[in-house]
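Basis for what follows: all heavy atoms, side chains included, without hydrogens, waters or symmetry-related copies.
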Amino acid sequence: MALQIASTSALAALGAALRAQNYRFITVTPATHRRVNRRPENEWALDLRGVLGWSRPFREGVLPAAIEALLLEAGLLADCRDGGKRALVRASTIGDRLYFHSAWPTCDDDAVFFGPDTYRYAAALERALASTLLGRPHDTIRKAVDIGCGAGPGAIELALQCPEATVYGADINDDALALAKINAEVNGAAGLKPCRSNLLDGIEGDFDLVMSNPPFILDPDELPYRHGGGQHGAQLSIDIVRTGLERLRPGGSLLLYTGVAIVEGEDGFLTAIRPLLDEACSAWRYEELDPDIFGGQLGCEGYENVERIAAVWLHAVKRG
């Protein structure tokens with residue numbers, strides 16, 4: 001179900017109001033979210049974080065009047081049981097940045113996901129921008145793209161770090177692009193350009209920097225924000241490596257955060273991309289950031305022979 005935003009200016013104003021109030025919320029995994037919300041004392045929201053972070057229903061008087069009015073103007077309030085209401089978006093923070101994304105639970109085809117992977121991606125990006133492997137100072141990055149930008153945290157951070165650059169936030173999800181545009185306004189990232197694109201189709205030219213945090217789960221329902229395709233969910237990441245290297249300028253960098261299925265101690269994703277990296281790159285670095293994520297996925301169809309899912313980070317520099 002597409003997100004119907006009645007007023008983008010009202011949602012942007014809500015973001016500004018939340019930042020002014022020093023609102024903070026760290027988004028957890030769906031499993032943790034479910035467990036916390038099932039506690040009897042969490043049946044109803046009692047404060048701003050309960051409404052906009054935990055996606056709990058709330059009763060009259062819980063939200064400040066100005067905040068509720070902006071949600072109503074944005075068309076993002078819904079009636080629910082027992083005369084309560086529920087916000088149709090969540091607001092999460094990474095440091096001082098604030099991002100709107102889909103309300104919990106994220107079960108729709110066009111859900112805009114945000115969670116622990118987002119935080120690992122943002123942290124790895126920050127380290128990469130300070131790394132000598134990047135091979136160029138920030139002010140020489142003129143054109144960059146975040147493939148599958150979602151709510152925009154990676155692209156927005158890059159646009160803020162490199163204010164002279166044009167940063168494309170590419171996605172196939174119109175809700176993601178709408179929220180990325182609003183989030184860019186909320187965070188003052190004037191260099192972000194949201195655009196509808198699948199693997200860089202429709203975007204002309206080459207790039208100084210290509211980055212991505214794509215879906216990597218083998219999802220039987222093939223939800224776009226989760227499903228990474230074949231090879232235990234690695235196919236989309238493989239395609240991004242191939243396309244990204246083709247579209248990088250000499251000396252440009254590819255930054256990729258993804259999850260990989262480890263089978264009998266072997267990383268099939270790395271095996272698939274190693275020939276591409278060796279052929280096209282002057283240097284590349286690949287590391288496990290977390291050896292065991294989404295453990296519950298191992299009980300699902302298609303993961304019968306998978307030992308673990310690891311969070312990995314790739315930083316590759318194109319030969320030039």
Please round to the nearest 0.5 Å and tell me the distance separating atom CG of D175 and atom CD of Q4.
-> 8.0 Å

State whether the side chain of E304 and the backbone N or O of G302 hold a donor-acceptor pair below 3.5 Å, judged by distance alone.
-> yes

Got a donor-acceptor contact below 3.5 angstrom from the R285 side chain to the L314 backbone?
-> no

Where F25 and A91 come nearest, the two heavy atoms and their spacing | CB-O, 3.7 Å

Judged by modelled atom types alone, do Y168 and D146 share a side-chain donor-acceptor pair under 3.5 Å?
-> no

Any side-chain donor near an acceptor of the partner, D82 and W44, under 3.5 Å = no

Which of L11, V112, L3 passes side chain to side chain contact (heavy atoms under 4.5 Å, CB included) with F100? It is L11

Do N187 and Y99 get their side chains close enough for a donor-acceptor pair, meaning under 3.5 Å?
-> no

Which atom names give the shortest non-hydrogen contact between L177 and C149, and what distance separates them?
-> CD2-SG, 4.3 Å

Sub-4.5 Å side-chain heavy-atom contact between F269 and H232 = no

Heavy-atom closest pair (V145 atom, A170 atom, distance to 0.1 Å) is CG2-CB, 4.1 Å

Any side-chain heavy-atom pair from L46 and F58 closer than 4.5 angstrom?
-> no

E307 atom CD, neighbour heavy-atom count above 12 within 6.0 Å | yes

Please name all residues satisfying side chain to side chain contact (heavy atoms under 4.5 Å, CB included) with R24, sequence neighbours left out, ordered by chain then number.
-> N22, T93, D96

Any Lys/Arg nitrogen of K318 or E279 sitting under 4.0 Å from an Asp/Glu carboxylate oxygen of the other?
-> no

Taking all non-hydrogen atoms of both residues into account, name the closest pair between N173 and D171 and its distance.
-> N-OD1, 3.0 Å

Does a sphere of radius 6.0 Å around CD in E60 hold more than 12 heavy atoms from other residues, nucleotides or ligands, not counting ones at 6.0 Å or beyond?
-> no

Would you mind listing every salt bridge (Lys or Arg N to Asp or Glu O under 4.0 Å) that reaches into residues 32-51, with sequence neighbours excluded?
-> E43-R81

Option passing side chain to side chain contact (heavy atoms under 4.5 Å, CB included) with Y286 (candidates D267, L277, L256) = D267

So does K193 have more than 12 non-hydrogen atoms from other groups sitting under 6.0 Å from NZ?
-> no

Here the pair of heavy atoms bringing L236 nearest to P214 is CD2-CB, 4.0 Å

Would you indicate whether the side-chain heavy atoms of N37 and W54 approach each other to under 4.5 Å?
-> yes

Are W284 and H315 close enough that their ring centers fall under 6.0 Å?
-> no

Between D208 and R249, does at least one N-O distance fall below 4.0 Å, as a salt bridge requires?
-> yes

Using a 4.5 Å cut-off on heavy atoms from C-beta on, say whether the side chain of E68 contacts that of L71.
-> no

Mind listing the side-chain donor-acceptor pairs of residues 194-202 below 3.5 Å, one per line with the distance, residues two or more places apart or on another chain?
residue, atom, partner, partner atom, Å
R196, NE, D174, OD1, 2.8
R196, NH2, I172, O, 2.6
S197, OG, L200, N, 3.2
S197, OG, D201, N, 3.1
S197, OG, D201, O, 2.7
S197, OG, D201, OD1, 3.2
D201, OD1, N198, N, 2.7

Tell me, yes or no, whether the heavy-atom count around Q235 atom CD, taken from other residues, nucleotides or ligands under 6.0 Å, exceeds 12.
-> yes

For the rings on F294 and F216, is their centre-to-centre separation under 6.0 Å?
-> yes

Do R97 and P153 come within less than 4.5 Å of each other through their side chains, counting heavy atoms only?
-> no

For the residue pair I141 and C162, what are the closest heavy atoms and their distance?
-> CD1-SG, 4.1 Å

